[in-house]
Amino acid sequence: MAFHRIFVIDFAGLGLGEAPDANRFQSVGADTIGHVAASWSGQLKLPTLQRLGLGNIRVDHPLPGVPPIDHPDGFFGRLHMAASDNGRATGLREMWDYTGEIRTRSVFDTLPTAGYPVTVAGPFLSYLQTQDTVERFQLGSNQDAFRVLYDQLYRPASGLATVMLPEFRFASEEGDVGEFGKALMNADHYLAQVMNDMGANDLLILTATHAGDPTMPGKPTREYLPLIAYSPSRPSAHALGIRRTLADVGATVLENFGLARNAAGHSFMNELTQ
């Protein structure tokens, strides 16, 4: 086990620019983070995410206010959804589901069966409501999500905790670029405390299960999604490239806990530990 605990924060709605198949989903020109950053005229300040390498993901298309840095603390890359549909729960299932010997199974039930507790917090989609083996928290704000995460940081047991931040979806649905930016800056502030409270053998993964450009009429939008990984015990970080499926996140979690045989995607654990 490389990491005793893994914490996943789902910035649900945060896209990084149109995916190669954006034309199939009326998403040509979609760029959630780019449009939000541009609307702030360089005033979007995300020091924690910048420190982790958010700006380094977009060296070919720099973000106003979030330029790349020479030595980011996090491993950074992009995810491309493999699924042929683009619903809000599609990416969530792709990230955590896999085909078992008898039926489709979830990382959320595999870990508890192996003795590792799982906590899930978010605005509950029907998919999450069926995960009976996990500790579940329903919440309606990003602040509530981080409060659950802070509580998890003080639990000693190994396992997985994942929280979905709901405010980006709300802002996206309302077409409110300003609220999206405010939610992003607040999350950046809360994230700094999470990193401060992490243990040396903890792993933090920041990602998104879907994108929702607030300037576009159709939601969700088909975009690349962020992938950032950070641990206090891994001071040397590098790029993770473009991952071809969100299932790589689930595969990494499974490999960490010795359950890699169940993985649907390709783990990037070796890139974090080599």
By the ring-ring contact (aromatic ring centres under 6.0 Å, His included) test, which pairs, at least two apart or in different chains, include something from residues 10-35?
F11-F168
What heavy-atom pair brings A30 and T221 nearest, and what distance separates the two atoms?
CB-CB, 3.9 Å
Per the ring-ring contact (aromatic ring centres under 6.0 Å, His included) rule, what does the pair list look like for residues 232-274, sequence neighbours excluded?
F75-H238, Y116-F257
Polar side-chain atom of D202 near backbone of G199 as donor-acceptor pair, under 3.5 Å
yes
Please name the pair of heavy atoms, one in A121 and one in L139, separated by the smallest distance, quoted to 0.1 Å.
CB-CD2, 3.5 Å
Run the side-chain contact (heavy atoms from CB on, under 4.5 Å) test against M95 and tell me which residues pass, sequence neighbours left out.
L79, T207, T209, L246, V249
Can you list everything that forms a ring-ring contact (aromatic ring centres under 6.0 Å, His included) with F170? Sequence neighbours excluded, please.
none
Correct closest heavy-atom pair for P68 and N56 would be CA-OD1, 3.5 Å
Under a 3.5 Å distance rule, please check whether S172 uses its side chain to pair with a backbone N or O of G212 as donor and acceptor.
yes
Can you name the residues that form a side-chain contact (heavy atoms from CB on, under 4.5 Å) with H80, not counting sequence neighbours?
A19, P20, D21, Y224
Could you tell me whether the side chains of T245 and D248 share a donor-acceptor contact shorter than 3.5 Å?
no
One thing to verify: whether D31 and R58 come together as a salt bridge, which I'm taking to mean a side-chain N less than 4.0 angstrom from a carboxylate O.
yes
Say whether Y150 and L204 are linked into one hydrophobic cluster, either directly or through other cluster members, by side-chain heavy-atom distances under 4.5 angstrom.
yes
Indicate, with yes or no, if L184 and I57 share a hydrophobic cluster defined by side-chain heavy-atom contacts under 4.5 Å among Ile, Leu, Val, Met, Phe, Trp and Tyr.
yes
Tell me whether L52 shares a hydrophobic cluster with I69, the cluster being built from Ile, Leu, Val, Met, Phe, Trp, Tyr side chains joined at under 4.5 Å.
no
Which value, rounded to the nearest 0.5 Å, describes the distance between R78 atom CZ and I228 atom CD1?
12.5 Å
Between S27 and E223, do the side chains contain a donor N or O and an acceptor N or O under 3.5 Å apart?
no
Heavy-atom nearest pair, E271 first then L240, reads OE1-CD2, 3.6 Å
Can you name the side-chain contact (heavy atoms from CB on, under 4.5 Å) partners of D85, sequence neighbours left out?
A83, T90, R93
With sequence neighbours left out, the residues meeting salt bridge (charged side-chain N to carboxylate O under 4.0 Å, His left out) with R234 are none
Working to the nearest 0.5 Å, report the span between CG of L149 and CG of N142.
12.0 Å
I need the N86 CG to H210 NE2 distance, nearest 0.5 Å.
9.0 Å
Applying side chain to side chain donor-acceptor pair (under 3.5 Å) to N256 and not counting sequence neighbours gives none
So, using side-chain contact (heavy atoms from CB on, under 4.5 Å) as the criterion, who are the partners of V28 when residues are at least two apart?
E18, N23
Donor-acceptor pairs are to be reported for all side-chain atoms of residues 152-163 against protein atoms at under 3.5 Å, with residues two or more places apart or in another chain.
residue, atom, partner, partner atom, Å
Q152, OE1, T119, OG1, 3.3
Y154, OH, D197, OD2, 3.3
R155, NH1, E135, OE1, 2.8
R155, NH2, E135, OE2, 3.4
S158, OG, H4, O, 3.3
T162, OG1, V8, O, 3.4

Is the closest side-chain heavy-atom distance between P214 and E173 below 4.5 Å?
no
Going only through I, L, V, M, F, W and Y residues with side-chain contacts under 4.5 Å, is there a path from L46 to V59?
no
With R51 via side chain to side chain donor-acceptor pair (under 3.5 Å) - residues at least two apart
D73
Could you state the interatomic distance from CG (L49) to CG (D188), rounded to the nearest 0.5 Å?
4.5 Å
Walk me through it: do D144 and S141 pass the test side chain to side chain donor-acceptor pair (under 3.5 Å)?
CA-CA 5 Å; D144 289 343; S141 72; 3.2 Å; yes
Hphob cluster co-occupancy, V107 + L227, side-chain heavy atoms under 4.5 angstrom:
yes
Checking salt bridge (Lys or Arg N to Asp or Glu O under 4.0 Å) for the pair E179/R169: CA distance, chi angles, key distance, verdict?
CA-CA 10 Å; E179 283 301 314; R169 174 181 172 182; over 6 Å; no
Any idea which heavy atoms bring L165 and A187 closest together, and the distance?
CD1-CB, 4.2 Å
W40 versus K182: any side-chain heavy-atom pair under 4.5 Å?
yes
What is the distance from atom CE of M269 to atom CE of M1, rounded to the nearest 0.5 Å?
10.5 Å
The reported gap from CD in Q193 to OG1 in T48 (rounded to nearest 0.5 angstrom) is 10.5 Å
Locate the shortest heavy-atom distance separating F146 from L191; write the atom from each residue and the value.
CE2-N, 4.0 Å
Residues at least two apart in sequence or cross-chain that pass ring-ring contact (aromatic ring centres under 6.0 Å, His included) with Y98, listed by chain then number, are none
